[in-house]
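Encoded as C-alpha cells, the structure appears first; notes follow it.
These numbers come from a predicted model, not from an experiment. We name chains A, B, ... by the order of the sequence lines, and we start the count at 1 in each one.
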There are 2 protein chains.
Amino acid sequence: MNATRKKEIVKIAASLIKEKGYNAVSMRDIAQAMNIKAASLYNHISGKQEILSSLIIEVAEKFTEEMNTIASENLSPLQKIERVIEIHIDITVNYSENIATLNNDWMHLEGSALKRVVKMREDYEENFRKIIKKGISEGEIKSKHPEVILFSILSTLRTLYLWNEKRGKMDVNVLKKDMVAVLLKGIV
Amino acid sequence: MNATRKKEIVKIAASLIKEKGYNAVSMRDIAQAMNIKAASLYNHISGKQEILSSLIIEVAEKFTEEMNTIASENLSPLQKIERVIEIHIDITVNYSENIATLNNDWMHLEGSALKRVVKMREDYEENFRKIIKKGISEGEIKSKHPEVILFSILSTLRTLYLWNEKRGKMDVNVLKKDMVAVLLKGIV
DNA sequence: AAGCAAAACTAACGATTGTTAGTTAAACTG
DNA sequence: CAGTTTAACTAACAATCGTTAGTTTTGCTT
C-alpha cells in the first residue's frame with residue numbers, strides 16, 4: 001500500500017476522466033496509462049469509486065476550507081467576493097483536472113461520499129449567498145436579486161478550468177485583477 | 001419510421017442523459033422509460049449515436065441561427081451582446097435538457113457529427129469575440145482583455161440551464177433584464 | 001545470499017453493454 | 001375484410017465492464 005503510487009493513479013485517472021468523463025474511462029484505460037495491468041491497480045486502491053471520491057473530495061475540501069476562512073475574516077462583503085474570485089483562480093490553476101471531475105462527475109459518487117460532496121457544495125453556496133445578501137443590505141451591492149449574482153459569478157468561476165489552457169501567457173495575477181474588474185464592475 | 005415516435009425517444013433520452021450523462025444511460029434505460037423493450041427502439045432510430053447527435057444538433061443549430069441573425073443586424077456591439085444574452089435565456093428555457101447534453105456530452109459524438117458541432121461552437125465563439133472586440137475598439141466596452149469578457153459572459157450563459165429550475169417564479173423577462181444588468185454593468 | 005513483503009502478472013468470473021435476427025401483434029390501406 | 005406495413009416482442013450475439021483469485025516477479029532488509 002504505497003501511498004504515493006495511489007496518488008499517481010488518481011492523478012493519471014484525473015486527466016483521463018477530465019477528457020472523457022468518468023463512465024467512459026475504464027480501469028483498463030487507467031492501467032494502460034500507467035503501463036501496468038488493470039488488476040494491478042487493486043494493490044493500491046479498493047476500486048474505481050475510490051479513485052473518483054479521492055479525486056473529488058481532495059479539491060472539494062480545498063474549496064470548503066478556503067471559503068470558511070474567508071467567511072470568518074473581518075472584511076467587507078465586496079472584499080470577500082474579491083477573495084472568493086482569487087481563491088477560485090488559485091485552486092483552478094493547481095487542480096484543474098480535479099475540478100473538471102468535480103463539476104462533471106460528482107453525480108457518479110455513491111453512498112456517503114456523494115452525500116458529503118453535495119453537502120459541501122450546498123454549504124459553499126450558502127456561505128457565498130450570505131456574503132452577497134449582506135453586501136446588498138449594506139448598500140455595497142446594488143442589484144436586488146442575490147440569486148442572479150450568485151449564479152452569474154459562480155458559473156464563471158466554476159467553468160474557469162475550461163479556459164485555463166487558453167489562458168496561455170496571461171499571468172495569474174493579471175487574470176485575477178481582470179476577473180475581479182469584469183465580475184464586479186461589469187464591462188461598460 | 002414514425003417521425004414523431006423518434007422525437008419522443010430523443011426527448012425521453014434527453015431527460016435521462018441530463019441527469020446521469022450519456023454513458024451512464026443505457027438503451028434499456030431509455031426503452032424502459034418509454035415502456036417498450038430496447039430492441040424496439042431500433043424500429044425508429046439507427047442507434048444510440050443517432051439519439052445523441054439529434055439531441056445536440058437540434059439545439060446547436062438553434063444557437064448558430066440566432067447568432068448569425070444577430071451578427072448581421074444593424075446594432076451597436078452592446079446591443080448585440082444584450083441580444084445574445086436574451087436568446088440564450090430563451091433557448092435555455094425551451095431546450096434545457098438538450099443544452100445539458102450539448103454542454104456535457106458533446107465529446108461522445110463520433111465522426112462528422114462531432115466535427116460539425118465543434119465547428120459550430122467555434123464559429124459561435126468567434127462571432128461573439130468579434131462583437132466584443134468591436135465594442136472595445138469603438139470605446140463602448142472598457143476592459144481590454146476580450147477573452148476574459150467572452151469567457152465570463154459565455155460561462156454564465158452556458159450554465160444557465162443548471163439554475164433554470166431554481167428560477168422558480170421569476171419571470172423570463174425579469175431574468176433577462178437582471179442578467180443584462182449584472183453582466184454588463186456589474187454589481188457594485 | 002536468504003527471506004519477505006510489495007507490486008506486478010495471468011486468467012477468469014458474472015454482469016451489462018449496444019445491437020441484430022427472427023417472430024408476433026397491431027394498425028392502417030385497399 | 002384481406003393484405004400489408006408498422007412497431008412491438010423474445011432471444012441471443014460479441015464485446016467490454018469492474019473485480020477477484022491465485023501466481024510470479026521485483027526489490028528491500030537482514
Side-chain angles (χ1 to χ4, degrees), chain A residues 1-57 101 104-114 117, chain B residues 1-57 101 104-114 117:
Chain A
M1 52 153 185
N2 186 341
T4 75
R5 196 77 173 132
K6 176 180 166 183
K7 282 184 187 169
E8 287 177 354
I9 294 172
V10 171
K11 191 171 183 179
I12 288 268
S15 67
L16 294 177
I17 295 173
K18 178 186 178 184
E19 297 303 322
K20 310 206 288 175
Y22 178 69
N23 278 295
V25 175
S26 71
M27 293 299 273
R28 286 166 179 85
D29 290 335
I30 298 169
Q32 192 172 44
M34 298 212 52
N35 289 310
I36 60 177
K37 300 295 174 183
S40 305
L41 294 170
Y42 291 80
N43 286 320
H44 307 285
I45 47 131
S46 68
K48 202 183 176 188
Q49 266 289 312
E50 194 192 352
I51 295 178
L52 184 64
S53 59
S54 301
L55 198 45
I56 286 182
I57 285 175
T101 307
N104 303 326
D105 292 306
W106 62 268
M107 74 285 280
H108 299 121
L109 285 170
E110 298 169 358
S112 62
L114 175 61
V117 168
Chain B
M1 51 150 184
N2 186 341
T4 75
R5 196 77 172 130
K6 176 179 165 180
K7 282 184 186 168
E8 286 177 355
I9 294 172
V10 171
K11 191 171 182 178
I12 287 267
S15 69
L16 295 177
I17 295 173
K18 179 186 178 184
E19 296 304 322
K20 310 206 288 174
Y22 177 70
N23 278 294
V25 175
S26 71
M27 294 299 275
R28 286 166 180 85
D29 290 336
I30 298 169
Q32 192 173 43
M34 297 211 54
N35 289 312
I36 61 177
K37 300 296 174 183
S40 305
L41 295 171
Y42 290 80
N43 287 320
H44 305 98
I45 48 134
S46 67
K48 202 183 176 188
Q49 266 288 310
E50 194 192 353
I51 296 179
L52 184 64
S53 59
S54 302
L55 198 46
I56 287 182
I57 284 175
T101 307
N104 303 326
D105 291 308
W106 62 269
M107 74 286 282
H108 298 121
L109 285 170
E110 297 170 359
S112 62
L114 175 60
V117 168

- [ ] Locate the shortest heavy-atom distance separating Val117(A) from Ile56(A); write the atom from each residue and the value.
- [x] CG2-CG2, 3.7 Å
TODO: Write down the distance between CD1 (Ile45(B)) and C1' (dT6(D)), rounded to a whole number of angstrom.
DONE: 16 Å
Open item on the list: Looking at Asn43(A) and dA6(C), is any side-chain donor or acceptor paired with a base atom of the opposite kind under 3.5 Å?
Closed with: no
Task: N/O (side chain, Arg5(A)) to phosphate O (OP1/OP2, dA8(C)) under 4.0 Å - done: yes
Task: Contacting residues from residues 21-42 of chain B, given that a heavy atom lies under 4.0 angstrom of DNA chain D - done: Arg28(B), Ile36(B), Lys37(B), Ala39(B), Ser40(B)
Task: Validation row: Met107(A), Tyr22(A) side chains within 4.5 angstrom (heavy atoms) - done: no
- [ ] State whether Lys11(A) and Glu8(A) are salt-bridged, where the test is any N-O pair (Lys NZ or Arg NE/NH1/NH2 against Asp/Glu carboxylate O) under 4.0 Å.
- [x] no
Open item on the list: Rounded to whole Å, please give me the gap between NZ in Lys48(B) and P in dT20(C).
Closed with: 15 Å
TODO: Supply the atom-to-atom distance Ile9(B) CD1 to Ile45(B) CD1, rounded to the nearest 0.5 angstrom.
DONE: 5.5 Å
- [ ] Round to the nearest Å and state the distance from Lys6(A) atom NZ to dA7(C) atom C1'.
- [x] 17 Å
Task: Length of the CD-C1' vector between Glu8(A) and dA7(C), whole Å - done: 13 Å
Open item on the list: Distance check needed: dG18(D) C1' versus Ile51(A) CD1, whole Å only.
Closed with: 11 Å
Task: His44(B) vs dT6(D): side-chain N/O to OP1/OP2 distance below 4.0 Å - done: no
Task: Selection residues 23-34 of chain A - residue pairs positive for side chain to side chain donor-acceptor pair (under 3.5 Å), sequence neighbours left out - done: Asn23(A)-His108(A), Ser26(A)-Asp29(A)
Open item on the list: Could you check whether any side-chain heavy atom of Trp106(B) comes within less than 4.5 Å of a side-chain heavy atom of Leu52(B), counting everything from C-beta outward?
Closed with: no
